[in-house]
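Protein chains get the first letters and strands the later ones, always in sequence-line order, with residue 1 at the start of each.
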Amino acid sequence: MKFRENLRTKKRVVIKIGTSSLSFTGGRINFHRIEKLAQVLSLLRKNGLQVLLVTSGAIGVGAARIGMTERPRELARKQALAAIGQAELIKIYQKFFEEHNQLVAQVLLTKDVVTIPELNRNARRTLSRLLEMELIPIINENDTIATNEIEFGDNDTLSAIVACLVEADLLIILSDIDGLYSADPRTDPSAEIIHSVNEITPELEKLASGAGSSFSTGGMVTKISAAKICQQAGVDCVIANGSDPAVIFEILEGKKVGTHFIAGQTSSIPNLLF
Amino acid sequence: MEKSKKRIRIVVRIEVTTLINRDGKINPRKMDRLAMVLSNLNNSGKQIIVVSSGAIVLGSEKLKLPSIPPSKTDMQALAAVGQAELIRSYQRSFDEYGQIVAQVLVTSDIADYPQRVENTRNTFDMLLSMNIIPIVNENDPVSTTDIELDDNYPLALKIANITGADIIVIKSQENGNYGIVPGNEKPVIPVENEISLQERIDALFSRTAPSAVVPAPVVFPATMKEIYSL
(Lines give C-alpha, C1' and ligand atoms only; values in the text may rest on other atoms or scores of the structure.)
Protein backbone atom coordinates (compact mmCIF):
# COMPACT_ATOMS: atom_id res chain seq x y z
CA MET A 1 0.00 0.00 0.00
CA LYS A 2 1.29 3.42 -0.88
CA PHE A 3 2.62 5.60 1.93
CA ARG A 4 -0.33 7.21 3.74
CA GLU A 5 -2.70 6.03 1.00
CA ASN A 6 -5.61 6.01 3.37
CA LEU A 7 -5.31 9.74 4.05
CA ARG A 8 -6.47 10.42 0.51
CA THR A 9 -9.93 9.06 1.06
CA LYS A 10 -10.96 10.88 4.20
CA LYS A 11 -14.52 12.14 4.43
CA ARG A 12 -14.72 13.97 7.73
CA VAL A 13 -11.75 15.91 9.05
CA VAL A 14 -11.18 17.83 12.26
CA ILE A 15 -8.50 20.50 12.06
CA LYS A 16 -7.06 21.94 15.20
CA ILE A 17 -5.03 25.11 15.00
CA GLY A 18 -3.01 26.37 17.94
CA THR A 19 -2.46 29.85 19.35
CA SER A 20 1.10 29.99 18.05
CA SER A 21 -0.11 29.38 14.51
CA LEU A 22 -2.94 31.91 14.68
CA SER A 23 -1.43 34.81 16.55
CA PHE A 24 1.70 36.88 16.79
CA THR A 25 3.64 36.79 20.05
CA GLY A 26 1.60 39.10 22.23
CA GLY A 27 -1.67 37.43 21.34
CA ARG A 28 -2.78 39.57 18.41
CA ILE A 29 -4.34 37.75 15.48
CA ASN A 30 -2.37 37.08 12.33
CA PHE A 31 -4.98 37.95 9.71
CA HIS A 32 -2.99 36.51 6.83
CA ARG A 33 -2.97 33.16 8.59
CA ILE A 34 -6.70 33.19 9.16
CA GLU A 35 -7.27 34.28 5.60
CA LYS A 36 -5.24 31.35 4.29
CA LEU A 37 -6.93 28.92 6.64
CA ALA A 38 -10.38 30.10 5.57
CA GLN A 39 -9.37 29.75 1.95
CA VAL A 40 -8.08 26.19 2.40
CA LEU A 41 -11.01 24.97 4.49
CA SER A 42 -13.62 26.56 2.22
CA LEU A 43 -12.10 24.88 -0.79
CA LEU A 44 -12.08 21.51 0.94
CA ARG A 45 -15.66 21.91 2.03
CA LYS A 46 -16.69 22.92 -1.48
CA ASN A 47 -15.10 19.74 -2.76
CA GLY A 48 -17.30 17.67 -0.51
CA LEU A 49 -15.14 17.14 2.53
CA GLN A 50 -16.82 17.61 5.92
CA VAL A 51 -14.67 19.96 7.93
CA LEU A 52 -14.62 20.98 11.58
CA LEU A 53 -12.22 23.56 12.99
CA VAL A 54 -11.04 23.61 16.58
CA THR A 55 -9.58 27.00 17.29
CA SER A 56 -7.52 28.52 20.07
CA GLY A 57 -6.38 32.06 20.70
CA ALA A 58 -9.38 33.61 22.44
CA ILE A 59 -7.61 34.60 25.66
CA GLY A 60 -4.71 36.23 23.80
CA VAL A 61 -7.07 38.13 21.54
CA GLY A 62 -9.07 39.30 24.52
CA ALA A 63 -5.95 40.49 26.32
CA ALA A 64 -4.81 42.39 23.25
CA ARG A 65 -8.23 43.93 22.81
CA ILE A 66 -8.16 45.59 26.21
CA GLY A 67 -4.50 46.45 26.04
CA MET A 68 -3.26 43.86 28.50
CA THR A 69 0.29 42.77 27.84
CA GLU A 70 0.80 40.13 30.48
CA ARG A 71 -0.93 36.82 30.67
CA PRO A 72 -3.48 37.00 33.51
CA ARG A 73 -3.16 34.62 36.40
CA GLU A 74 -6.54 34.80 38.08
CA LEU A 75 -9.13 32.41 36.73
CA ALA A 76 -11.90 35.02 36.60
CA ARG A 77 -9.75 37.37 34.58
CA LYS A 78 -8.77 34.65 32.14
CA GLN A 79 -12.42 33.78 31.74
CA ALA A 80 -13.32 37.42 31.09
CA LEU A 81 -10.59 37.68 28.46
CA ALA A 82 -11.84 34.49 26.85
CA ALA A 83 -15.31 36.01 26.60
CA ILE A 84 -13.99 39.15 24.93
CA GLY A 85 -11.57 37.35 22.68
CA GLN A 86 -13.91 34.60 21.54
CA ALA A 87 -16.39 37.19 20.26
CA GLU A 88 -13.64 38.96 18.38
CA LEU A 89 -12.21 35.72 17.03
CA ILE A 90 -15.47 34.39 15.68
CA LYS A 91 -16.21 37.73 14.05
CA ILE A 92 -12.89 37.57 12.25
CA TYR A 93 -13.46 33.99 11.13
CA GLN A 94 -16.88 34.91 9.79
CA LYS A 95 -15.41 37.77 7.83
CA PHE A 96 -12.77 35.68 6.13
CA PHE A 97 -14.99 32.70 5.46
CA GLU A 98 -17.62 35.00 4.00
CA GLU A 99 -15.16 35.86 1.23
CA HIS A 100 -15.65 32.31 0.04
CA ASN A 101 -19.39 32.21 0.70
CA GLN A 102 -18.77 29.70 3.44
CA LEU A 103 -20.96 29.92 6.50
CA VAL A 104 -19.53 29.04 9.87
CA ALA A 105 -21.05 28.24 13.24
CA GLN A 106 -19.66 28.73 16.73
CA VAL A 107 -19.78 25.78 19.09
CA LEU A 108 -18.45 26.13 22.62
CA LEU A 109 -17.97 22.93 24.59
CA THR A 110 -17.02 21.86 28.06
CA LYS A 111 -15.73 18.50 29.26
CA ASP A 112 -19.26 17.64 30.36
CA VAL A 113 -19.87 16.66 26.78
CA VAL A 114 -17.74 13.59 27.46
CA THR A 115 -19.10 12.63 30.86
CA ILE A 116 -22.80 13.42 30.63
CA PRO A 117 -24.70 11.15 28.21
CA GLU A 118 -27.40 13.65 27.34
CA LEU A 119 -24.93 16.42 26.58
CA ASN A 120 -22.91 13.96 24.57
CA ARG A 121 -25.84 12.92 22.40
CA ASN A 122 -27.00 16.50 22.00
CA ALA A 123 -23.60 17.72 20.90
CA ARG A 124 -23.26 14.88 18.40
CA ARG A 125 -26.65 15.67 16.91
CA THR A 126 -25.97 19.40 16.64
CA LEU A 127 -22.57 18.92 15.05
CA SER A 128 -23.94 16.37 12.58
CA ARG A 129 -26.73 18.72 11.65
CA LEU A 130 -24.27 21.56 11.08
CA LEU A 131 -22.19 19.33 8.82
CA GLU A 132 -25.27 18.27 6.89
CA MET A 133 -26.08 21.94 6.35
CA GLU A 134 -22.61 22.30 4.80
CA LEU A 135 -21.42 24.68 7.50
CA ILE A 136 -18.04 24.60 9.12
CA PRO A 137 -18.38 24.38 12.90
CA ILE A 138 -15.73 26.45 14.67
CA ILE A 139 -15.25 24.84 18.03
CA ASN A 140 -13.54 26.00 21.18
CA GLU A 141 -13.68 25.19 24.82
CA ASN A 142 -16.18 27.34 26.70
CA ASP A 143 -13.39 28.85 28.77
CA THR A 144 -15.64 31.61 30.03
CA ILE A 145 -17.75 29.30 32.16
CA ALA A 146 -15.49 26.26 32.48
CA THR A 147 -14.24 25.68 35.99
CA ASN A 148 -11.50 23.31 34.90
CA GLU A 149 -8.06 24.71 34.48
CA ILE A 150 -7.69 26.88 31.37
CA GLU A 151 -4.56 25.13 30.41
CA PHE A 152 -2.13 25.75 27.61
CA GLY A 153 -2.41 22.85 25.19
CA ASP A 154 -5.81 21.80 26.39
CA ASN A 155 -7.37 22.17 22.96
CA ASP A 156 -5.33 19.23 21.70
CA THR A 157 -7.40 16.94 23.89
CA LEU A 158 -10.57 18.83 22.98
CA SER A 159 -9.89 18.28 19.30
CA ALA A 160 -9.42 14.54 19.83
CA ILE A 161 -12.68 14.42 21.77
CA VAL A 162 -14.44 16.29 18.99
CA ALA A 163 -13.01 13.84 16.45
CA CYS A 164 -14.49 10.98 18.47
CA LEU A 165 -17.79 12.77 18.99
CA VAL A 166 -18.41 13.24 15.29
CA GLU A 167 -16.73 9.95 14.33
CA ALA A 168 -14.26 11.79 12.13
CA ASP A 169 -11.75 9.77 10.18
CA LEU A 170 -8.87 12.21 10.55
CA LEU A 171 -7.60 14.78 13.02
CA ILE A 172 -4.96 17.25 11.90
CA ILE A 173 -3.17 19.17 14.65
CA LEU A 174 -1.40 22.30 13.42
CA SER A 175 1.11 24.13 15.56
CA ASP A 176 4.60 25.59 15.51
CA ILE A 177 6.36 22.21 15.50
CA ASP A 178 7.05 20.23 12.36
CA GLY A 179 6.13 16.94 13.96
CA LEU A 180 7.37 14.47 16.55
CA TYR A 181 11.14 14.40 16.59
CA SER A 182 13.37 11.45 17.47
CA ALA A 183 15.29 13.76 19.81
CA ASP A 184 15.29 17.44 20.75
CA PRO A 185 16.11 19.15 17.44
CA ARG A 186 17.53 22.18 19.21
CA THR A 187 20.27 20.24 20.94
CA ASP A 188 20.68 17.11 18.83
CA PRO A 189 21.68 17.68 15.19
CA SER A 190 20.78 14.11 14.32
CA ALA A 191 17.18 14.59 15.42
CA GLU A 192 14.71 13.63 12.70
CA ILE A 193 10.98 13.78 12.27
CA ILE A 194 9.28 10.48 12.92
CA HIS A 195 6.99 10.11 9.91
CA SER A 196 4.70 7.34 11.08
CA VAL A 197 3.74 6.00 14.46
CA ASN A 198 1.85 2.74 14.75
CA GLU A 199 1.69 2.63 18.49
CA ILE A 200 2.36 5.18 21.19
CA THR A 201 4.73 3.38 23.49
CA PRO A 202 5.90 4.60 26.90
CA GLU A 203 9.28 5.35 25.31
CA LEU A 204 7.59 7.58 22.77
CA GLU A 205 5.67 9.38 25.48
CA LYS A 206 8.88 9.96 27.35
CA LEU A 207 10.45 11.33 24.18
CA ALA A 208 7.60 13.80 23.74
CA SER A 209 7.79 15.12 27.25
CA GLY A 210 11.52 15.74 26.69
CA ALA A 211 12.67 16.43 30.21
CA GLY A 212 13.35 20.12 30.53
CA SER A 213 13.35 20.84 26.82
CA SER A 214 11.55 24.02 25.92
CA PHE A 215 10.63 22.69 22.50
CA SER A 216 7.87 20.67 24.06
CA THR A 217 6.60 23.39 26.43
CA GLY A 218 3.98 20.93 27.48
CA GLY A 219 2.53 21.26 24.00
CA MET A 220 3.89 17.98 22.67
CA VAL A 221 2.67 16.04 25.66
CA THR A 222 -0.95 17.01 25.07
CA LYS A 223 -0.56 16.32 21.36
CA ILE A 224 0.67 12.80 22.01
CA SER A 225 -2.16 12.25 24.42
CA ALA A 226 -4.61 13.51 21.78
CA ALA A 227 -3.05 11.20 19.20
CA LYS A 228 -3.41 8.31 21.61
CA ILE A 229 -7.13 8.99 22.04
CA CYS A 230 -7.45 9.06 18.26
CA GLN A 231 -5.57 5.84 17.68
CA GLN A 232 -7.72 4.04 20.21
CA ALA A 233 -10.84 5.42 18.55
CA GLY A 234 -9.79 4.36 15.07
CA VAL A 235 -9.11 7.95 13.95
CA ASP A 236 -5.97 8.84 12.01
CA CYS A 237 -4.04 11.79 13.40
CA VAL A 238 -1.39 13.97 11.80
CA ILE A 239 0.68 16.56 13.64
CA ALA A 240 2.23 19.21 11.37
CA ASN A 241 3.44 22.77 11.17
CA GLY A 242 0.63 25.27 10.71
CA SER A 243 2.58 28.27 9.46
CA ASP A 244 1.15 27.62 6.01
CA PRO A 245 -2.36 26.16 6.20
CA ALA A 246 -1.90 24.78 2.69
CA VAL A 247 -0.08 21.94 4.45
CA ILE A 248 -3.58 20.53 4.97
CA PHE A 249 -3.79 19.83 1.23
CA GLU A 250 -0.48 17.99 1.38
CA ILE A 251 -1.61 15.89 4.29
CA LEU A 252 -4.81 14.94 2.50
CA GLU A 253 -2.78 13.96 -0.54
CA GLY A 254 -0.81 11.53 1.58
CA LYS A 255 2.42 13.51 1.30
CA LYS A 256 5.28 12.94 3.72
CA VAL A 257 4.76 15.88 6.04
CA GLY A 258 4.52 15.93 9.82
CA THR A 259 3.95 12.83 11.91
CA HIS A 260 1.14 10.41 11.11
CA PHE A 261 -0.30 8.50 14.04
CA ILE A 262 -1.90 5.57 12.30
CA ALA A 263 -5.41 4.73 13.44
CA GLY A 264 -5.86 1.53 15.38
CA GLN A 265 -7.80 -1.21 13.62
CA THR A 266 -10.43 -1.59 16.27
CA SER A 267 -12.39 1.25 17.75
CA SER A 268 -12.50 1.31 21.50
CA ILE A 269 -14.16 4.51 22.67
CA PRO A 270 -16.70 3.17 25.10
CA ASN A 271 -16.95 6.34 27.15
CA LEU A 272 -17.66 8.55 24.16
CA LEU A 273 -20.43 6.57 22.53
CA PHE A 274 -23.69 6.91 24.41
CA MET B 1 17.21 41.25 17.15
CA GLU B 2 15.73 44.71 16.70
CA LYS B 3 17.46 47.63 18.36
CA SER B 4 16.70 47.21 22.05
CA LYS B 5 12.96 46.95 22.44
CA LYS B 6 12.10 49.88 20.21
CA ARG B 7 9.27 48.98 17.92
CA ILE B 8 9.67 49.63 14.23
CA ARG B 9 7.77 52.76 13.30
CA ILE B 10 6.27 52.98 9.83
CA VAL B 11 4.59 55.88 8.09
CA VAL B 12 2.21 54.61 5.42
CA ARG B 13 1.42 57.14 2.78
CA ILE B 14 -1.92 56.66 1.06
CA GLU B 15 -2.57 58.58 -2.09
CA VAL B 16 -5.99 59.37 -3.51
CA THR B 17 -5.96 56.68 -6.17
CA THR B 18 -5.07 53.99 -3.63
CA LEU B 19 -8.51 54.12 -2.13
CA ILE B 20 -10.79 56.25 -4.25
CA ASN B 21 -12.35 55.29 -7.57
CA ARG B 22 -12.68 57.53 -10.55
CA ASP B 23 -16.22 58.29 -9.50
CA GLY B 24 -14.89 59.90 -6.35
CA LYS B 25 -16.17 57.22 -3.98
CA ILE B 26 -14.08 55.10 -1.69
CA ASN B 27 -13.45 51.61 -3.05
CA PRO B 28 -14.67 49.38 -0.22
CA ARG B 29 -12.56 46.41 -1.30
CA LYS B 30 -9.35 48.44 -1.40
CA MET B 31 -10.14 50.09 1.90
CA ASP B 32 -10.85 46.72 3.50
CA ARG B 33 -7.62 45.26 2.17
CA LEU B 34 -5.65 48.23 3.44
CA ALA B 35 -7.24 47.96 6.87
CA MET B 36 -6.35 44.29 7.00
CA VAL B 37 -2.75 44.73 5.91
CA LEU B 38 -2.13 47.62 8.31
CA SER B 39 -3.92 45.96 11.22
CA ASN B 40 -1.84 42.89 10.66
CA LEU B 41 1.39 44.90 10.57
CA ASN B 42 0.27 46.50 13.80
CA ASN B 43 -0.54 43.09 15.28
CA SER B 44 2.91 41.87 14.37
CA GLY B 45 4.40 44.55 16.60
CA LYS B 46 5.04 47.47 14.24
CA GLN B 47 3.85 51.01 14.97
CA ILE B 48 1.78 52.36 12.11
CA ILE B 49 1.01 55.96 11.17
CA VAL B 50 -1.19 56.58 8.14
CA VAL B 51 -0.88 59.78 6.14
CA SER B 52 -3.91 59.97 3.92
CA SER B 53 -5.28 62.20 1.20
CA GLY B 54 -8.59 62.25 -0.52
CA ALA B 55 -10.70 64.61 1.59
CA ILE B 56 -11.24 67.17 -1.14
CA VAL B 57 -12.12 64.57 -3.76
CA LEU B 58 -14.55 62.88 -1.40
CA GLY B 59 -16.09 66.22 -0.46
CA SER B 60 -16.60 67.04 -4.09
CA GLU B 61 -18.34 63.72 -4.74
CA LYS B 62 -20.49 64.01 -1.63
CA LEU B 63 -21.79 67.40 -2.77
CA LYS B 64 -22.23 66.07 -6.31
CA LEU B 65 -20.03 68.74 -7.88
CA PRO B 66 -18.92 68.16 -11.50
CA SER B 67 -15.34 69.10 -10.67
CA ILE B 68 -13.21 70.57 -7.91
CA PRO B 69 -13.71 74.36 -7.84
CA PRO B 70 -10.46 76.30 -7.99
CA SER B 71 -11.01 78.79 -5.20
CA LYS B 72 -9.20 78.13 -1.97
CA THR B 73 -12.25 78.68 0.20
CA ASP B 74 -14.27 76.22 -1.86
CA MET B 75 -11.55 73.63 -1.53
CA GLN B 76 -11.38 74.20 2.20
CA ALA B 77 -15.09 73.63 2.49
CA LEU B 78 -14.86 70.45 0.45
CA ALA B 79 -11.98 69.27 2.61
CA ALA B 80 -14.09 69.75 5.72
CA VAL B 81 -16.93 67.66 4.27
CA GLY B 82 -14.70 65.02 2.78
CA GLN B 83 -12.48 64.55 5.82
CA ALA B 84 -15.47 63.46 7.87
CA GLU B 85 -16.29 60.94 5.17
CA LEU B 86 -12.71 59.75 5.01
CA ILE B 87 -12.22 59.19 8.71
CA ARG B 88 -15.57 57.46 9.03
CA SER B 89 -14.58 55.07 6.30
CA TYR B 90 -11.26 54.34 7.96
CA GLN B 91 -12.96 53.74 11.30
CA ARG B 92 -15.51 51.37 9.84
CA SER B 93 -12.95 49.36 7.95
CA PHE B 94 -10.41 49.11 10.74
CA ASP B 95 -13.15 48.24 13.19
CA GLU B 96 -13.70 45.00 11.29
CA TYR B 97 -10.23 44.01 12.41
CA GLY B 98 -10.59 45.26 15.96
CA GLN B 99 -8.19 48.11 15.33
CA ILE B 100 -8.78 51.56 16.80
CA VAL B 101 -7.81 54.57 14.69
CA ALA B 102 -7.45 58.25 15.56
CA GLN B 103 -7.72 61.38 13.44
CA VAL B 104 -4.83 63.83 13.51
CA LEU B 105 -5.21 67.01 11.46
CA VAL B 106 -2.02 69.01 11.27
CA THR B 107 -1.25 72.52 10.18
CA SER B 108 1.94 73.44 8.38
CA ASP B 109 3.50 75.03 11.47
CA ILE B 110 3.89 71.84 13.52
CA ALA B 111 7.55 71.71 12.57
CA ASP B 112 8.22 75.41 12.98
CA TYR B 113 9.55 75.42 16.52
CA PRO B 114 11.31 72.72 18.54
CA GLN B 115 8.60 72.90 21.17
CA ARG B 116 5.90 72.28 18.61
CA VAL B 117 7.85 69.39 17.16
CA GLU B 118 8.22 67.85 20.60
CA ASN B 119 4.56 68.37 21.35
CA THR B 120 3.55 66.69 18.11
CA ARG B 121 5.91 63.82 18.68
CA ASN B 122 4.56 63.28 22.18
CA THR B 123 1.03 63.04 20.88
CA PHE B 124 2.02 60.44 18.33
CA ASP B 125 4.07 58.52 20.90
CA MET B 126 1.06 58.41 23.19
CA LEU B 127 -1.35 57.20 20.51
CA LEU B 128 1.09 54.59 19.28
CA SER B 129 1.80 53.33 22.78
CA MET B 130 -1.95 52.79 23.17
CA ASN B 131 -1.81 50.67 20.02
CA ILE B 132 -3.87 53.16 18.06
CA ILE B 133 -3.22 53.92 14.41
CA PRO B 134 -3.22 57.70 13.80
CA ILE B 135 -4.68 58.77 10.46
CA VAL B 136 -3.04 62.05 9.54
CA ASN B 137 -4.12 64.68 7.06
CA GLU B 138 -3.57 68.38 6.48
CA ASN B 139 -5.99 70.56 8.40
CA ASP B 140 -7.00 72.20 5.13
CA PRO B 141 -10.23 73.78 6.39
CA VAL B 142 -8.26 76.14 8.63
CA SER B 143 -5.05 76.36 6.68
CA THR B 144 -3.62 79.78 5.97
CA THR B 145 -1.21 78.52 3.37
CA ASP B 146 -2.14 77.44 -0.13
CA ILE B 147 -3.97 74.17 -0.54
CA GLU B 148 -1.71 71.88 -2.49
CA LEU B 149 -3.26 68.94 -4.22
CA ASP B 150 0.05 67.18 -3.84
CA ASP B 151 -1.16 63.90 -2.52
CA ASN B 152 0.51 64.47 0.80
CA TYR B 153 3.97 63.07 0.20
CA PRO B 154 5.61 66.17 1.68
CA LEU B 155 3.34 65.74 4.69
CA ALA B 156 4.31 62.09 5.00
CA LEU B 157 7.97 63.11 5.00
CA LYS B 158 7.37 65.73 7.63
CA ILE B 159 5.51 63.32 9.88
CA ALA B 160 8.15 60.66 9.34
CA ASN B 161 10.87 63.07 10.40
CA ILE B 162 8.98 64.45 13.39
CA THR B 163 8.03 61.04 14.74
CA GLY B 164 11.40 59.45 14.02
CA ALA B 165 9.93 56.84 11.69
CA ASP B 166 12.17 54.05 10.46
CA ILE B 167 10.63 53.68 7.02
CA ILE B 168 7.87 55.02 4.83
CA VAL B 169 5.64 52.64 2.91
CA ILE B 170 4.06 53.85 -0.31
CA LYS B 171 1.93 52.35 -3.01
CA SER B 172 3.09 52.76 -6.58
CA GLN B 173 0.86 54.68 -8.91
CA GLU B 174 1.61 52.48 -11.90
CA ASN B 175 1.19 48.94 -10.74
CA GLY B 176 -0.40 49.49 -7.34
CA ASN B 177 2.37 47.56 -5.62
CA TYR B 178 3.84 48.58 -2.32
CA GLY B 179 7.27 50.12 -1.96
CA ILE B 180 9.43 50.57 1.12
CA VAL B 181 11.28 53.85 1.42
CA PRO B 182 14.13 53.05 3.79
CA GLY B 183 15.54 56.55 4.02
CA ASN B 184 19.20 57.52 4.30
CA GLU B 185 19.61 57.78 0.56
CA LYS B 186 18.87 54.13 0.04
CA PRO B 187 16.77 53.16 -2.95
CA VAL B 188 13.12 52.27 -2.65
CA ILE B 189 12.51 48.57 -2.17
CA PRO B 190 9.71 47.39 -4.44
CA VAL B 191 7.40 44.83 -2.88
CA GLU B 192 5.31 42.40 -4.96
CA ASN B 193 2.40 41.78 -2.64
CA GLU B 194 0.98 42.20 0.84
CA ILE B 195 2.53 39.11 2.33
CA SER B 196 5.95 40.08 1.02
CA LEU B 197 5.49 43.52 2.58
CA GLN B 198 5.47 42.02 6.04
CA GLU B 199 8.38 39.73 5.26
CA ARG B 200 10.48 42.46 3.68
CA ILE B 201 9.97 44.78 6.62
CA ASP B 202 10.93 42.05 9.06
CA ALA B 203 13.99 41.22 6.98
CA LEU B 204 15.08 44.88 6.89
CA PHE B 205 15.19 45.08 10.65
CA SER B 206 16.38 41.62 11.54
CA ARG B 207 20.09 42.36 11.47
CA THR B 208 21.76 42.81 14.82
CA ALA B 209 22.83 46.38 15.37
CA PRO B 210 25.97 46.78 17.53
CA SER B 211 24.82 48.35 20.76
CA ALA B 212 27.61 50.95 20.68
CA VAL B 213 26.39 52.44 17.42
CA VAL B 214 23.71 55.08 17.71
CA PRO B 215 21.40 54.77 14.72
CA ALA B 216 21.71 57.83 12.49
CA PRO B 217 18.57 59.90 12.02
CA VAL B 218 16.69 58.59 9.03
CA VAL B 219 16.56 60.88 6.01
CA PHE B 220 14.07 60.17 3.29
CA PRO B 221 14.28 60.99 -0.44
CA ALA B 222 12.90 64.47 -0.95
CA THR B 223 10.42 64.10 -3.76
CA MET B 224 8.08 61.60 -5.32
CA LYS B 225 10.06 62.04 -8.52
CA GLU B 226 13.07 60.62 -6.75
CA ILE B 227 10.97 57.79 -5.46
CA TYR B 228 9.50 56.82 -8.78
CA SER B 229 12.79 57.19 -10.57
CA LEU B 230 14.23 54.35 -8.54
Side-chain angles (χ1 to χ4, degrees), chain A residues 17 19-40 55-70 80-101 104 106 176 242-247, chain B residues 1-2 5-10 12 27-48 91-102 125-134 169 178 191-203 205-206:
Chain A
I17 186 149
T19 306
S20 60
S21 302
L22 278 177
S23 324
F24 294 106
T25 41
R28 296 180 186 278
I29 303 182
N30 183 335
F31 294 122
H32 278 134
R33 198 58 55 78
I34 303 227
E35 184 184 44
K36 194 69 186 280
L37 185 65
Q39 185 185 39
V40 169
T55 186
S56 306
I59 293 175
V61 170
R65 190 84 179 99
I66 61 168
M68 222 181 200
T69 44
E70 282 158 9
L81 292 186
I84 296 166
Q86 180 65 26
E88 189 76 19
L89 197 54
I90 209 71
K91 188 179 105 179
I92 299 288
Y93 272 121
Q94 275 179 320
K95 187 177 169 73
F96 284 105
F97 273 99
E98 208 171 70
E99 294 284 305
H100 305 279
N101 293 317
V104 299
Q106 177 187 238
D176 56 0
S243 57
D244 183 357
V247 75
Chain B
M1 273 283 159
E2 287 136 43
K5 279 185 189 189
K6 179 183 169 267
R7 286 166 64 194
I8 299 162
R9 188 169 285 189
I10 304 171
V12 182
N27 183 318
R29 191 118 187 87
K30 288 186 182 176
M31 179 57 111
D32 174 68
R33 240 16 239 187
L34 182 74
M36 192 201 100
V37 171
L38 297 187
S39 298
N40 219 34
L41 274 175
N42 183 80
N43 283 359
S44 75
K46 321 288 183 294
Q47 291 186 332
I48 308 291
Q91 274 178 321
R92 239 199 261 127
S93 303
F94 274 91
D95 195 56
E96 296 273 298
Y97 299 98
Q99 176 65 51
I100 299 176
V101 298
D125 283 347
M126 177 63 75
L127 285 169
L128 293 166
S129 73
M130 293 162 78
N131 240 299
I132 295 169
I133 294 183
V169 167
Y178 287 98
V191 177
E192 311 77 49
N193 56 49
E194 295 157 357
I195 306 220
S196 310
L197 180 64
Q198 187 118 19
E199 289 168 4
R200 292 302 194 96
I201 292 173
D202 286 331
F205 292 96
S206 68

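The CD atom of B:Glu199 sits 9.5 Å away from atom NE2 of A:His32, with the distance rounded to the nearest 0.5 Å. Separating the NZ atom in A:Lys95 from the CD atom in B:Glu96 is a distance of 3.5 Å, to the nearest 0.5 Å. Taking CG of B:Asp95 as the reference point, atom NZ of A:Lys91 lies at 5.0 Å (rounded to 0.5 Å). Separation of atoms CD1 (B:Ile100) and CZ (A:Arg65) is listed at 6.0 Å; rounding is to 0.5 Å. Atom CE in B:Met36 sits 10.0 Å away from atom CD1 in A:Ile92 (nearest 0.5 Å).
Taking all atoms of both residues into account, the shortest heavy-atom contact from B:Asn40 to A:Asn30 is ND2-OD1, 3.2 Å. Annotation for B:Asn42 and A:Arg28: closest pair O-CD, 4.4 Å, computed over non-hydrogen atoms.
B:Arg33 and A:Glu99 are not joined by a salt bridge, as no carboxylate oxygen comes within less than 4.0 angstrom of a charged side-chain nitrogen.
Options B:Met130, B:Gln99, B:Glu194 differ in how many heavy-atom pairs under 4.5 Å they form with chain A, and the most are formed by B:Glu194.
Within 6.0 Å of CD in A:Glu98 there are 12 or fewer heavy atoms belonging to other residues, nucleotides or ligands.
Heavy atoms of B:Gln198 lying under 4.5 Å from chain A belong exclusively to its side chain.
Taking the six-membered ring for Trp and thresholds of 30 and 60 degrees, B:Tyr97 and A:Phe31 have ring planes more than 60 degrees apart, a perpendicular arrangement.
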